[in-house]
S.K.: 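Pasting a structure below so you can have a look.
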Amino acid sequence: QVQLVESGGGLVQAGDSLRLSCAAFGFTFSSYAMGWFYQAPGRERAFVAAIGGGGGPTSYTDSVKGRFTISRDNAKNAVYLQMNSLKPEDTAVYYCAAVRGWDPPQTSREYVYWGQGTQVTVSS
């Protein structure tokens, strides 16, 4: 059974750091590109970062470049999102997602597997 399980969210202050983790089960993880998306209340789900299958190319939305880093450990079937210098506008539910392939897409509709999300709240 395919499953993506996010963890690591929480309540932090502006300027703090968090590391989100996503554990994958039930598919050949190294063959899948992985993405992180976020959804704030009343807003559509939006792209944050992605990494290609096998640790290939990475991409980021402009608002997180230089602050967030996506990485993966194929031996552990896990993908991570290191978030530094957090801002109140980063507050959202963060989801990880998977799609088979090397190039990581930035559009949510291309991803086939999704986790349940983890809440990140950044206070000012």
S.K.: Checking Glu6 side chain against Cys96 main chain: does a donor-acceptor pair fall under 3.5 Å?
M.R.: yes
S.K.: Is there a path of hydrophobic side-chain contacts, each under 4.5 Å between heavy atoms of I/L/V/M/F/W/Y residues, joining Ile51 to Val112?
M.R.: yes
S.K.: Mind listing the closest non-hydrogen atom pair of Met83 and Val120 along with its distance?
M.R.: CE-CG2, 3.9 Å
S.K.: Give the ring-plane orientation class for Tyr38 versus Tyr94, where under 30° counts as parallel, over 60° as perpendicular and anything between as tilted.
M.R.: perpendicular
S.K.: Nearest 0.5 Å, please: how far is CG in Leu18 from OG1 in Thr118?
M.R.: 8.5 Å
S.K.: To the nearest 0.5 Å, how far apart are CG in Asp16 and CG in Asp90?
M.R.: 11.5 Å
S.K.: Please check if the side chain of Tyr60 supplies one atom and the backbone of Ile70 the other of a donor-acceptor pair under 3.5 Å.
M.R.: yes
S.K.: How close do Pro104 and Ala50 get, counting heavy atoms only, and between which atoms?
M.R.: CB-CB, 3.4 Å
S.K.: For Phe47, what are the other residues in its hydrophobic cluster, where any two members join if their side-chain heavy atoms are less than 4.5 angstrom apart?
M.R.: Phe37, Val93, Tyr95, Val99, Tyr111, Trp114
S.K.: Shortest non-hydrogen contact from Leu4 to Ala24?
M.R.: CD2-CB, 3.6 Å
S.K.: Are the side chains of Phe68 and Val48 in touch, meaning some heavy atoms are under 4.5 Å apart?
M.R.: yes
S.K.: Atom CZ in Arg45, atom OG in Ser108: separation rounded to 0.5 Å?
M.R.: 7.0 Å
S.K.: Sequence neighbours left out, what passes side-chain hydrogen bond (donor to acceptor under 3.5 Å, both in side chains) with Ser124? Give chain and number order.
M.R.: none
S.K.: Taking side-chain hydrogen bond (donor to acceptor under 3.5 Å, both in side chains) as the definition, give me every residue that meets it alongside Gln116, ordered by chain and number, with sequence neighbours left out.
M.R.: none
S.K.: Run the salt bridge (charged side-chain N to carboxylate O under 4.0 Å, His left out) test against Arg19 and tell me which residues pass, sequence neighbours left out.
M.R.: none
S.K.: Please determine if Asp62 and Lys65 form a salt bridge, counting it only when a charged side-chain N lies under 4.0 Å from a carboxylate O.
M.R.: yes
S.K.: Say you draw a straight line from OG of Ser30 to CG of Asp73; how long is it, rounded to the nearest 0.5 Å?
M.R.: 11.5 Å
S.K.: Restricting to side-chain hydrogen bond (donor to acceptor under 3.5 Å, both in side chains), what partner residues turn up for Gln119, sequence neighbours left out?
M.R.: Thr121
S.K.: What's the shortest heavy-atom distance between Cys22 and Met34, and which atoms?
M.R.: SG-CE, 4.4 Å
S.K.: Looking at every heavy atom in both Ser21 and Trp36, which two are closest together, and how far apart are they?
M.R.: O-CH2, 3.7 Å
S.K.: What pairs with Lys76 under salt bridge (charged side-chain N to carboxylate O under 4.0 Å, His left out), at least two apart in sequence or on another chain?
M.R.: none
S.K.: Report whether Tyr113 and Val5 are members of the same hydrophobic cluster (ILVMFWY, side-chain heavy atoms less than 4.5 Å apart, transitive linking).
M.R.: no
S.K.: Tell me, do Gln106 and Ser59 make a side-chain contact under 4.5 Å, heavy atoms counted?
M.R.: yes
S.K.: Looking at every heavy atom in both Ser17 and Ser85, which two are closest together, and how far apart are they?
M.R.: OG-N, 4.2 Å
S.K.: Measure the spacing between CZ of Arg72 and CG of Asn77 and express it to the nearest 0.5 Å.
M.R.: 9.0 Å
